[in-house]
Participant: 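I'd like to ask some things about the structure below.
For the numbers below, each heavy atom of this structure counts, side chains included, while hydrogens, waters and symmetry mates do not. Residue numbers begin at 1 in each chain, while the letters A, B, ... track the order of the sequences.
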Protein chains: 2
Amino acid sequence: MKNKEIQEARIKGYFIEATRNILKGEGLKALSVRSVADQAGYSYATMYNYFKDINELVFVCVSDFQEEIKNYVDDKISTDSGGLQQVNEATRAWLAYFLEYPGIFELFYVVRGGDFGNKKSILEVIDTSMERACENAWNGVIKSGIMDANVAEFKKARLKYVLIGLLVMFMNRRTPESYTDFILESNRQIDQILGQ
Amino acid sequence: MKNKEIQEARIKGYFIEATRNILKGEGLKALSVRSVADQAGYSYATMYNYFKDINELVFVCVSDFQEEIKNYVDDKISTDSGGLQQVNEATRAWLAYFLEYPGIFELFYVVRGGDFGNKKSILEVIDTSMERACENAWNGVIKSGIMDANVAEFKKARLKYVLIGLLVMFMNRRTPESYTDFILESNRQIDQILGQ
DNA sequence: AAATATATTGAACTTTGTTAATTATATATA
DNA sequence: TATATATAATTAACAAAGTTCAATATATTT
């Protein structure tokens with residue numbers, strides 16, 4: 001029954017693709033069983049033949065997006081820079097991705113879906129999103145001995161929480177008030193954490 | 001028409017009180033126009049005579065909760081400690097409040113209500129929640145010259161973002177996995193930011 | 001006491017997630 | 001090939017939630 005599996009994966013793919021498009025475009029508020037099914041070219045009830053519920057469908061997208069984030073970061077960092085400069089660039093790029101796609105920020109850090117708590121693998125992808133996206137740059141710093149591995153771990157954790165905090169306040173509470181102020185504050189924090 | 005105003009304020013109060021109870025108890029998922037009205041002793045439709053919509057009702061609670069947080073912090077800090085030690089205690093107490101009432105954390109930092117973006121006064125309360133709750137302890141540090149005011153501002157901002165980031169990851173994504181780990185990590189961050 | 005204004009309410013509409021029964025399609029068998 | 005069966009897809013229908021509005025109840029004024 002190999003054909004059946006291929007066909008099933010294909011149809012699942014249509015739903016996933018539609019979900020990805022809606023999340024990246026209009027965001028979570030526009031996502032519904034019916035809007036996904038519309039874009040996938042099926043009736044809304046058909047979704048339930050391939051996914052447990054709407055949450056499962058959404059969660060499947062997390063890994064896809066994380067891969068996209070990693071590529072986005074790798075594309076943006078300049079090859080002629082190295083060391084801490086490259087970590088700085090990578091971190092800013094990671095941040096820039098979520099500014100460009102607020103719906104994906106919401107998916108990663110805000111939405112409290114039904115059984116998000118049970119899907120450990122997905123929680124792990126989210127928890128390590130920044131670390132993995134900036135992996136190459138960090139490896140350069142640690143391997144070359146510019147920074148001690150333990151110090152690097154602490155700085156990574158610090159960066160992660162500071163930037164998620166900043167993103168939450170900016171996206172959910174419009175603080176800082178302007179995009180410019182947000183960039184100033186986030187750069188200040190990144191520079192200070194990496195520079196000290 | 002003073003009586004009318006008093007009566008109106010009274011009935012508004014019943015709805016607000018009901019909303020507060022539900023948010024502190026079962027949290028946002030249990031909150032609905034019907035559940036609030038039930039507890040207030042009115043029909044669901046009556047709410048619309050006193051509030052524009054369910055969002056307005058919820059937002060009104062923010063200032064109330066912030067006052068409660070301030071009292072909670074002031075009660076918890078020891079009077080015999082001072083300086084940075086007291087700032088440390090106040091900050092931990094602020095954090096402890098949200099751990100005790102996850103529904104209020106959700107209200108402050110997670111929910112994206114309709115016109116949250118327009119209510120500048122409410123956004124300001126949320127943005128300065130930690131700063132105001134720990135005001136007294138910080139004043140002690142700054143007035144006594146233990147810390148420069150500019151340095152204090154930077155540390156406040158750093159603390160705010162780190163702790164909101166930590167709370168978001170713990171509450172929304174169960175990371176760190178255990179309560180103990182969360183406390184360890186948050187204490188580590190607080191100590192490091194205040195101590196350096 | 002009647003007339004008018006105000007407050008409260010239940011019915012109803014919309015949207016969204018979900019289930020189940022019905023219809024359509026593909027596959028297997030005679 | 002024609003029929004029987006299994007599988008897939010869809011429509012109908014329900015529940016919960018926010019919201020509106022016409023109808024009812026209550027309070028106020030004359």
Participant: Please determine, for the side chain of Thr46(B), which listed nucleotide (dT10(D), dT8(C), dT19(D)) has the closest atom?
Facilitator: dT8(C)
Participant: Side chain of Tyr48(B) only, heavy atoms from C-beta on: which candidate in dT9(C), dT19(D), dA9(D) is closest?
Facilitator: dT19(D)
Participant: Kindly point out which of dT16(C), dT8(C), dG10(C) is positioned nearest to the side chain of Ser32(A)?
Facilitator: dT16(C)
Participant: Calculate the interatomic distance between Asn49(A) atom CG and dT11(D) atom P; express it in whole Å.
Facilitator: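 Going from Asn49(A) (CG) to dT11(D) (P), I get 13 Å.
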Participant: What is the distance, rounded to the nearest whole Å, between atom OH of Tyr42(B) and atom C1' of dA7(C)?
Facilitator: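 Going from Tyr42(B) (OH) to dA7(C) (C1'), I get 9 Å.
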Participant: With a 4.0 Å cutoff (strictly under), does any side-chain N or O of Ser43(B) reach OP1 or OP2 of dT8(C)?
Facilitator: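 So the side-chain polar atoms of Ser43(B) never come under 4.0 Å of the phosphate oxygens OP1 or OP2 of dT8(C).
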Participant: What is the distance, rounded to the nearest whole Å, between atom NZ of Lys12(B) and atom P of dA7(C)?
Facilitator: 13 Å
Participant: Check the orientation of Phe182(B) and Phe170(B). Use parallel for under 30°, tilted for 30 to 60°, and perpendicular for over 60°.
Facilitator: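 If you compare the ring of Phe182(B) with that of Phe170(B), the planes turn out parallel.
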Participant: Figure out the CD/C1' separation between Glu56(B) and dG18(D), and round it to whole Å.
Facilitator: 15 Å
Participant: Look at the side chain of Ala45(A) and decide which nucleotide, out of dT11(D), dA13(D), dT19(D), has an atom nearest to it.
Facilitator: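 For the Ala45(A) side chain, the nearest candidate turns out to be dT11(D).
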Participant: Here's a test of your reading of the structure: between Lys52(A) and Lys29(A), which maps to the more 5' nucleotide of DNA chain C?
Facilitator: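 Between the two, 5'-proximity favours Lys29(A).
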Participant: Identify whether NZ of Lys or CZ of Arg in Lys24(B) sits under 6.0 Å from the centre of the six-membered ring of Tyr101(B) and within 45° of that ring's axis.
Facilitator: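 So Lys24(B) does make the cation-pi contact.
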Participant: Once you round it to whole Å, what is the distance between C1' of dC21(D) and OH of Tyr44(B)?
Facilitator: 11 Å
Participant: In whole Å, I'd like the distance from the OH atom of Tyr14(A) to the P atom of dA9(D).
Facilitator: 11 Å
Participant: Would you mind telling me which of dT10(D), dT19(D), dT18(C) lies closest to the side-chain atoms of Ile54(B)?
Facilitator: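 Closest of the options to the side chain of Ile54(B): dT19(D).
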Participant: In whole Å, I'd like the distance from the CG atom of Asp38(B) to the P atom of dA16(D).
Facilitator: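 These atoms are roughly 13 Å apart.
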Participant: Do the ring centers of Phe15(A) and Tyr42(A) come within less than 6.0 Å of each other?
Facilitator: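 For Phe15(A) and Tyr42(A), the ring centres are under 6.0 Å apart.
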Participant: According to the interplanar angle, ranging from 0 to 90°, do the rings of Tyr109(A) and Phe105(A) count as parallel (below 30°), tilted (30 to 60°) or perpendicular (above 60°)?
Facilitator: tilted
Participant: Between the side chains of Arg158(A) and Gln192(B), does any donor sit under 3.5 Å from an acceptor?
Facilitator: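 There is such a pair between these side chains.
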Participant: Rounding to a whole Å, what distance do you find between Arg10(A):CZ and dA9(D):C1'?
Facilitator: 18 Å
Participant: Where the side chain of Tyr50(B) is concerned, which of dT19(D), dT8(C), dT19(C) is the nearest nucleotide?
Facilitator: dT8(C)
Participant: Using a 4.0 Å heavy-atom cut-off across all strands, classify Leu57(B) as base, sugar-phosphate, or nothing.
Facilitator: nothing
